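Here the structure comes first, spelled out in structure tokens, and everything after it is commentary.
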Amino acid sequence: MVKTNTHLVSNERAKFLGHLARAGLRKSQGRELVFSQVMGTHGHFTAEELAKSCSDKKLNVSRATVYRVLRDLLEAGIIRETAFGDKHHHFEHVYDEKPHHHAQCVRCHRFIEFPDRKEDKVYHPYLNKQGFKILGHEMHFYGICRECL
């Protein structure tokens with residue numbers, strides 16, 4: 001079982017509340033419930049998995065609220081999103097992860113995480129000059145893992 005660092009979660013909550021204030025959004029019970037569920041989730045998760053978790057725990061949160069709060073958390077820089085080539089996007093925390101990328105086996109769908117080598121230093125200056133606000137970046141490799149070869 002992965003333990004949640006309460007100090008880091010407090011920092012993320014402050015970041016989230018700051019984002020809501022800047023965006024002119026109010027703090028609501030639904031936002032707080034979804035935020036807490038996200039902070040208690042480790043590894044990759046989908047919006048549907050999060051909505052099911054909220055439903056299973058009998059939290060009074062609609063599926064639409066889950067999707068809206070995930071967008072807010074993305075914009076606040078608390079989670080990052082990745083598609084993995086699936087129809088559903090996956091999310092993961094930013095605070096407890098070292099920058100990394102993913103490789104996926106096209107046969108067994110296993111993921112390999114590998115460290116970021118600061119590739120963003122090449123692209124960020126160009127995009128910043130274009131007036132583009134970067135929320136994150138991702139790099140994916142697809143192939144066949146050792147076990148499936």
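Position 1 is the first residue of the sequence, and the numbers go up from there. Predicted model, so just to flag it, every value in this text is computed and none were measured.
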Discussion item. Are the side chains of Asn128 and Phe132 in contact, using a 4.5 Å heavy-atom criterion?
Written reply: no
Before giving the answer on salt bridge (charged side-chain N to carboxylate O under 4.0 Å, His left out), spell out for Lys52 and Asp56 the whole-Å C-alpha distance, their side-chain angles and the decisive distance to 0.1 Å. CA-CA 6 Å; Lys52 183 176 181 334; Asp56 290 349; 2.9 Å; yes
message: Quick one: does any side-chain atom of Arg31 pair with a main-chain N or O of Asp72 as donor and acceptor, under 3.5 Å?
response: no
CZ/Arg110: more than 12 non-hydrogen atoms of other groups inside 6.0 Å: yes
Indicate yes or no: at least one non-hydrogen side-chain atom of Ile78 is less than 4.5 angstrom from one of Met39.
yes
In terms of heavy-atom contacts, Pro125 and Val122 come closest through CD-O, 3.9 Å
**Message:** Do the side chains of Glu48 and Arg63 get close enough for a salt bridge, i.e. N-O under 4.0 angstrom?
**Reply:** yes
Between Ser55 (side chain only) and Ala51 (backbone N and O only), is there a donor and an acceptor less than 3.5 Å apart? no
ask   = Checking side chain to side chain contact (heavy atoms under 4.5 Å, CB included) for the pair Gln37/Leu59: CA distance, chi angles, key distance, verdict?
value = CA-CA 10 Å; Gln37 280 298 114; Leu59 302 178; 3.6 Å; yes
In short, Glu75 meets Lys133 closest at the heavy-atom pair O-NZ, 4.3 Å
Check: Below 4.5 Å, heavy atoms only, C-beta onward: do Lys27 and Leu17 meet side chain to side chain?
Finding: yes
Leu74 vs Phe91 side-chain heavy atoms within contact, under 4.5 Å: yes
Smallest heavy-atom separation, Cys145 atom then Cys105 atom, equals N-SG, 3.4 Å
task = Given side chain to side chain contact (heavy atoms under 4.5 Å, CB included), test Leu73 with Glu12 step by step and report yes or no.
result = CA-CA 10 Å; Leu73 292 170; Glu12 296 301 285; over 6 Å; no
Distance alone, cut at 3.5 Å: any donor-acceptor contact between the side chains of Ser10 and Arg13?
no
Exercise for review: Please assess Tyr67 against Val34 for the test side chain to side chain contact (heavy atoms under 4.5 Å, CB included), listing each intermediate value before the final yes or no.
Suggested key: CA-CA 9 Å; Tyr67 278 85; Val34 174; over 6 Å; no
Side chain to side chain contact (heavy atoms under 4.5 Å, CB included) between Arg71 and Arg68, intermediate numbers included: CA-CA 5 Å; Arg71 184 64 43 204; Arg68 278 193 303 273; 5.7 Å; no
Shortest non-hydrogen pair, Leu70 vs Ala47, comes out as CD1-CB, 3.5 Å
Item to check | Val38 and Phe45, any side-chain heavy atoms less than 4.5 Å apart | outcome: yes
(message) When you measure from the side chain of Ser53 to the backbone of Glu49, do you find a donor-acceptor pair of N or O atoms at a distance under 3.5 Å?
(response) no
query: How about Phe141 and Phe114: are their ring centres within less than 6.0 Å of each other?
result: yes
